[in-house]
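Beneath this line is the structure, given in structure tokens, with notes to follow.
Atoms within each ligand, like the ligands themselves, are counted from 1 in listed order. FYI, the numbering just counts along the sequence from 1. Side-chain atoms are counted along with the backbone in the values below, which use heavy atoms only and exclude waters and symmetry mates.
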Amino acid sequence: MVKLAEWRGKEVFRKYGIPLPQGAVARSPEEADSLVATGQVPLPCVIKAQVLAGGRGKGGAVQFANSRDEARAAAASILGLEFKGERVRELLLEEKLPIARELYLALTLDRAARMPILIASAHGGVEIESVEDREIDRQAVHPFPGLTGYEKRRAAKVLGLSGAPAKALDRLLEALWRVFVEEDAELVEINPLAVVGAGLVALDAKVIVEDDATFRHPEYAEIRDDRTPLEEIAREKEIAFVQLDGNIGVIANGAGLTMATLDVLKEFGGRPGVFLDLGGTDDPKKVTEAFLLMAQAKPTAVFLNIFGGVTKCDTVAKGLVEAMGQVPKADRFPLVARIRGNNEKEGIEILRAAGITSVPSLKESAQSVVRAAGGSA
Ligand code: GDP
Ligand code: MN
């Protein structure tokens, strides 16, 4: 999944002729100041944090300025902010347009219908998840003819547009469809699409490019994706490590068991915060390395759920005990282990010697870790 920052998404939009506010990117308050001073960004203007998370409007990461001084101050206050865990390094400055209405428009894939889908709502400018379902119109779009007059007319009706703005929507939808197809997007979203005078302007842009198509788009190769710093380290060490929102660490082996373990924890009211898939490692050093990485994510409790196959239970136990010894006292956390399969007895013995009990039942072990993490089980 290659998620483009707003300004990159808008650059793509511009290529296809989608109407946009006049604007430019700044990476320091000085740069922001000079964009305004030179008129590259007209006043009044909007200053927007270029982070991948949504909800910037509500979160103070979108600000308005009426003067050069205000623009500079806003830029200084947003740059360096941490917005939903992401440091703000870039700003987009744009002219502030007088908007009459905020609409929502998106093209994405409906995996159940196995078709692209056009989503439209007259309630734009807020997260689509918070819009009532009956206020959202969804139309499957057959990929061969693409968007036809029928879908466009229905969208215009849903959005309450007629006359010149409806014509503008026609052209915009044609362009949006081309972005979706030619850029191999899995999502293109304009929220809000603003009614400005008799025209329409894309005030925001969200473009996500399908991973499997990245070979067709070398231009996106450089773009940083949404890996966290720890995930980046893990990637270099070839460890499958993913951070989530919760507080329980999960160490399992194989994608299937790892996913099932996350599901079981959720079932018992736990919130997985990070998971690590040991895969088919048979090297205790690698297990130690992976475990130390997990410790850096500071989980409240950790659930080790291993089925010994290629990765033998005693290998994991050795690596684990070794790693536990290296974790600083202040960073230690309760650990619940469940190891079954190849060399189970040896593994359990190694753990026992280090004071860790293996709980054979999946249910009991999962409940016990959820309790240790302060959850509800
Ligand atoms: P998001 O909250 O992260 O999706 O950020 P958006 O780019 O959607 O901006 C949030 C809100 O800022 C929009 O819904 C608009 O209400 C407002 N906004 C952004 N650009 C303009 C503009 O040019 N004029 C006006 N009046 N409001 C704007
Ligand atoms: Mn938006």
Side-chain angles (χ1 to χ4, degrees), residues 3-14 18-26 32 35-36 39-68 70-71 74-75 77-108 118-132 135-136 159-160 165 168 172 176 179-180 185-208 226:
K3 221 169 169 180
L4 305 191
E6 177 189 6
W7 70 270
R8 285 186 198 274
K10 282 180 167 167
E11 236 161 47
V12 174
F13 281 6
R14 185 166 290 119
I18 294 176
L20 299 164
Q22 185 181 334
V25 174
L35 288 177
V36 176
Q40 277 173 274
V41 176
L43 288 168
C45 71
V46 187
I47 299 103
K48 310 174 79 176
Q50 296 302 289
V51 286
L52 297 175
R56 293 168 302 166
K58 274 185 302 186
V62 173
Q63 292 181 23
F64 301 101
N66 291 309
S67 66
R68 202 176 137 184
E70 277 179 28
S77 78
I78 300 176
L79 276 170
L81 267 184
E82 201 178 281
F83 187 78
K84 299 187 182 170
E86 195 183 341
R87 183 77 53 202
V88 182
R89 298 178 199 285
E90 296 173 325
L91 300 172
L92 177 62
L93 278 82
E94 288 181 332
E95 61 178 321
K96 184 184 180 195
L97 295 169
I99 60 186
R101 286 202 299 134
E102 299 188 63
L103 314 172
Y104 177 94
L105 209 54
L107 279 165
T108 185
L118 172 67
I119 307 173
S121 174
H123 294 264
V126 293
E127 274 163 67
I128 192 71
E129 291 77 15
S130 68
V131 177
E132 278 199 50
E135 306 281 7
I136 303 172
L159 298 177
L172 188 138
L176 198 65
V179 174
F180 184 68
E186 54 179 75
L187 172 74
V188 288
E189 184 191 75
I190 307 179
N191 184 26
L193 171 67
V195 180
V196 179
L200 298 172
V201 183
L203 291 194
D204 195 2
K206 190 162 169 187
V207 177
I208 299 178
D226 34 15

Short side-chain to backbone donor-acceptor contact, [X] and [Y], under 3.5 Å:
{"X": "Lys10", "Y": "Leu203", "answer": "yes"}
{"X": "Asp204", "Y": "Ile190", "answer": "no"}
{"X": "Glu95", "Y": "Pro42", "answer": "no"}

Handout entry: ligand 1 N/O within reach of Gly57 N/O, cut-off under 3.5 Å
Key =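 N/O-N/O distance under 3.5 Å: yes.
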Would you mind checking which non-hydrogen protein atom is closest to [atom], with the distance to 0.1 Å?
{"atom": "atom 14 (O) of ligand 1", "answer": "Glu102 OE1, 2.7 Å"}
{"atom": "atom 7 (O) of ligand 1", "answer": "Lys48 NZ, 2.5 Å"}
{"atom": "atom 21 (C) of ligand 1", "answer": "Leu203 CD1, 3.5 Å"}
{"atom": "atom 5 (O) of ligand 1", "answer": "Arg56 NH2, 3.2 Å"}
{"atom": "atom 26 (N) of ligand 1", "answer": "Leu97 O, 3.3 Å"}
{"atom": "atom 17 (C) of ligand 1", "answer": "Phe64 CZ, 4.0 Å"}

Side chain to side chain, [X] and [Y], heavy atoms closer than 4.5 Å:
{"X": "Asn191", "Y": "Val126", "value": "no"}
{"X": "Tyr104", "Y": "Val131", "value": "no"}
{"X": "Val195", "Y": "Leu200", "value": "yes"}

Using a strict 4.0 Å cut-off to heavy atoms of [X], name the atoms of ligand 1 that fall inside it.
{"X": "Gly125", "result": "14 (O)"}
{"X": "Glu95", "result": "23 (O)"}
{"X": "Asp204", "result": "1 (P), 4 (O), 5 (O), 6 (P), 7 (O), 8 (O)"}
{"X": "Ile99", "result": "25 (C), 26 (N), 27 (N)"}
{"X": "Pro192", "result": "8 (O), 13 (C), 14 (O)"}

Exercise for the section: Taking all heavy atoms of Arg101 and all of Ala122, pick out the closest pair and write down the distance. Expected result: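 Taking Arg101 first and Ala122 second, the nearest heavy atoms are NH1-CB, 4.3 Å.
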Practice task
Nearest 0.5 Å please: distance from the CZ atom of Arg56 over to the NZ atom of Lys48.
Solution key: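 Spacing of CZ (Arg56) from NZ (Lys48) equals 5.0 Å.
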Exercise for the section: Measure the spacing between NZ of Lys96 and CG of Asn66 and express it to the nearest 0.5 Å. Expected result: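 It comes to 6.5 Å.
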Problem - Residue portion contacting ligand 1 (non-hydrogen atoms closer than 4.0 Å) for Val126 - result: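 It is neither part, as no heavy atom is under 4.0 Å.
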Practice task
Would you mind telling me which of Glu90, Glu86, Glu6 makes a side chain to side chain donor-acceptor pair (under 3.5 Å) with Gln50?
Solution key: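 For Gln50, the side chain to side chain donor-acceptor pair (under 3.5 Å) test succeeds with only one of Glu90, Glu86, Glu6, which is Glu6.
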Handout entry: Verify atom 11 (C) of ligand 1: protein non-hydrogen atom under 4.0 angstrom away
Key =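 Given the 4.0 Å limit, the answer for atom 11 (C) of ligand 1 is no, no protein heavy atom qualifies.
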Problem - Atom name of the N, O or S atom in Asp204 that lies nearest to the Mn ion (ligand 2) - result: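 Nearest N/O/S atom: OD2.
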